[in-house]
2 protein chains.
Amino acid sequence: MARTGYHTRQRELIADFLKTHEGEHVRAADIAAHLAVSGSPVGVATVYRTLDMMTKSGEVKKYIDPDAGACYVFASQPCDSRHYHLKCSGCGKLIHLDCSMMSDLEVHIAREHSFELDPGRTVFYGTCAECGAKRKDNDK
Amino acid sequence: MARTGYHTRQRELIADFLKTHEGEHVRAADIAAHLAVSGSPVGVATVYRTLDMMTKSGEVKKYIDPDAGACYVFASQPCDSRHYHLKCSGCGKLIHLDCSMMSDLEVHIAREHSFELDPGRTVFYGTCAECGAKRKDNDK
DNA sequence: CTAGTTGCAAAGAGTTTGCATGGCG
DNA sequence: CGCCATGCAAACTCTTTGCAACTAG
């Protein structure tokens with residue numbers, strides 16, 4: 001299963017970047033851009049291929065953001081991803097939600113609805129406090 | 001609020017299609033394809049423009065499916081969208097979740113986390129019972 | 001040495017936009 | 001009639017793929 005292949009400079013760089021940004025949602029382009037600036041450019045294709053590989057192996061979670069496209073999140077341990085994310089449709093801000101109520105919800109959904117939630121891939125959309133207030137002002 | 005624009009054959013067709021498929025998640029291409037087959041083809045651009053318009057007016061909800069791209073859901077009443085969706089990563093099945101616990105969650109998140117959830121745009125990812133069982137068999 | 005990797009560029013898929021024509025009101 | 005809507009195709013963005021050169025083990 002482990003079949004991870006060779007250890008290369010590029011993969012090291014990408015993995016490092018992800019570890020440095022653990023828990024954050026990054027896009028392939030972010031990684032490529034960062035590495036390019038750092039003086040060790042890596043081809044976009046390689047970034048995608050590596051991320052795809054890591055996604056399959058479970059090292060990173062992939063999800064699609066309506067505004068930004070594919071996003072990847074590094075999770076050191078599968079079970080560490082006990083938290084969910086809230087994404088503000090207004091400002092695009094990403095909020096980490098670490099709340100015991102979610103565990104209850106998971107249990108409830110698993111039991112009553114026969115569905116096992118995947119925290120790493122689930123993103124809640126809505127409006128943050130600031131944008132909510134802003135909208136009230138603008139809306140007349 | 002602006003009663004946007006004219007009443008045209010194309011918009012009627014698109015609205016009809018959406019009403020016929022209320023609650024289902026359809027893609028722009030699905031609509032265009034259906035109308036083309038029905039003998040009243042509508043340009044893709046028009047479909048996108050109309051859906052965009054309806055999204056802004058709140059008639060339909062838009063969300064991005066990791067596999068299929070942009071999806072739209074027609075909701076007869078804004079407040080009828082009191083339900084969320086569960087999407088199985090295994091078989092792609094979409095499950096409607098209409099559960100009072102979600103209301104509690106909304107209140108909780110609004111109060112404790114200052115974030116207002118948008119049911120129409122939030123999709124929970126995870127694994128349905130069937131795929132969960134299937135996976136257990138295959139995994140070993 | 002050999003197979004897995006990389007990078008470039010071309011290919012794709014999905015969505016948006018410009019512009020001239022057509023149709024609603 | 002005026003203005004909005006439509007269609008087509010070109011433009012775009014993001015992601016994938018083909019292929020020759022490259023490199024880790």
Side-chain angles (χ1 to χ4, degrees), chain A residues 1-18 25-57 59-73 87 89 92 121 123, chain B residues 1-18 25-57 59-73 92 121 123:
Chain A
M1 258 263 189
R3 281 242 31 30
T4 315
Y6 295 157
H7 176 196
T8 67
R9 183 184 64 85
Q10 290 83 339
R11 290 185 187 178
E12 185 88 54
L13 288 167
I14 294 171
D16 281 349
F17 181 87
L18 287 168
H25 292 211
V26 299
R27 284 163 304 151
D30 296 333
I31 300 177
H34 172 84
L35 296 179
V37 172
S38 302
S40 307
V42 171
V44 228
T46 301
V47 174
Y48 277 108
R49 280 191 277 234
T50 304
L51 286 173
D52 193 50
M53 210 172 283
M54 295 177 86
T55 300
K56 285 194 175 63
S57 80
E59 292 172 85
V60 301
K61 291 289 186 177
K62 173 184 183 178
Y63 88 101
I64 308 285
D65 181 282
D67 307 313
C71 289
Y72 300 82
V73 188
K87 178 113 192 324
S89 304
R121 256 186 308 213
V123 179
Chain B
M1 290 330 204
R3 202 51 275 123
T4 329
Y6 298 151
H7 176 197
T8 67
R9 183 185 63 85
Q10 288 84 342
R11 290 185 188 178
E12 185 88 53
L13 287 168
I14 294 172
D16 282 349
F17 182 88
L18 287 169
H25 292 213
V26 299
R27 284 165 302 152
D30 296 333
I31 300 177
H34 173 83
L35 295 179
V37 173
S38 302
S40 307
V42 172
V44 227
T46 301
V47 174
Y48 277 108
R49 279 191 278 235
T50 304
L51 285 173
D52 193 48
M53 209 175 286
M54 296 177 85
T55 299
K56 285 193 175 63
S57 81
E59 292 172 86
V60 302
K61 291 290 185 177
K62 172 184 183 179
Y63 88 99
I64 307 285
D65 182 283
D67 308 313
C71 290
Y72 300 82
V73 190
R121 257 187 307 214
V123 179

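Chain letters run A, B, ... following the sequence lines, proteins first and then strands; every chain starts at 1.
What separates NZ of K62(B) from C1' of dG14(C) is a distance of 11 Å, to the nearest Å. The separation between Y6(B) atom OH and dG2(D) atom C1' is 7 Å, rounded to whole Å. Between the CG atom of L13(A) and the C1' atom of dA24(D) there is a distance of 15 Å, given to the nearest Å. dT16(D) atom P lies 6 Å from atom CG of D52(A), rounded to whole Å. The nearest whole Å value for the distance from the CZ atom in R11(A) to the C1' atom in dC22(D) is 14 Å. In this entry the distance linking CZ of R27(A) with C1' of dT13(D) reads 11 Å, nearest Å. The nearest whole Å value for the distance from the CD1 atom in I64(B) to the C1' atom in dG14(C) is 10 Å. Atom pair D65(A):CG and dC14(D):C1' shows a separation of 13 Å (rounding to whole Å applied).
Contact annotation: Q10(A) side-chain N/O to dT23(D) OP1/OP2 distance is not under 4.0 Å. Considering only side-chain N and O atoms, T8(B) lies under 4.0 angstrom from the phosphate OP1 or OP2 of dT6(D).
Listed for the D52(A) side chain is no donor-acceptor partner under 3.5 Å among the backbone atoms of R49(A).
Smallest separation of non-hydrogen atoms from I14(A) and V47(A): CD1-CA, 3.8 Å. When all heavy atoms of L13(B) and S40(B) are compared, the pair lying nearest together is CD1-CB, 3.7 Å.
Counting only heavy atoms from C-beta on, Y48(B) has its side chain closest to dT15(C) among dA3(C), dG25(C), dT15(C). Of the candidate nucleotides dC8(C), dT6(D), dC4(D), dC8(C) has the atom lying nearest to any side-chain atom of A45(A).
Within 4.0 Å (heavy atoms only), A28(B) reaches no atom of the nucleic acid at all. Here A29(A) lies out of heavy-atom contact (under 4.0 Å) with every strand. Using a 4.0 Å heavy-atom criterion, one finds that V42(B) contacts the sugar-phosphate atoms exclusively. Counting any heavy atom pair closer than 4.0 Å across all strands shown, R49(B) reaches a base atom.
Using cut-offs of 30° and 60° for the angle between ring planes, the Y63(A) and H25(A) rings count as perpendicular.
Within the model, atoms CD of E59(B) and CG of L18(B) stand 9.0 Å from one another, a figure rounded to the nearest 0.5 Å.
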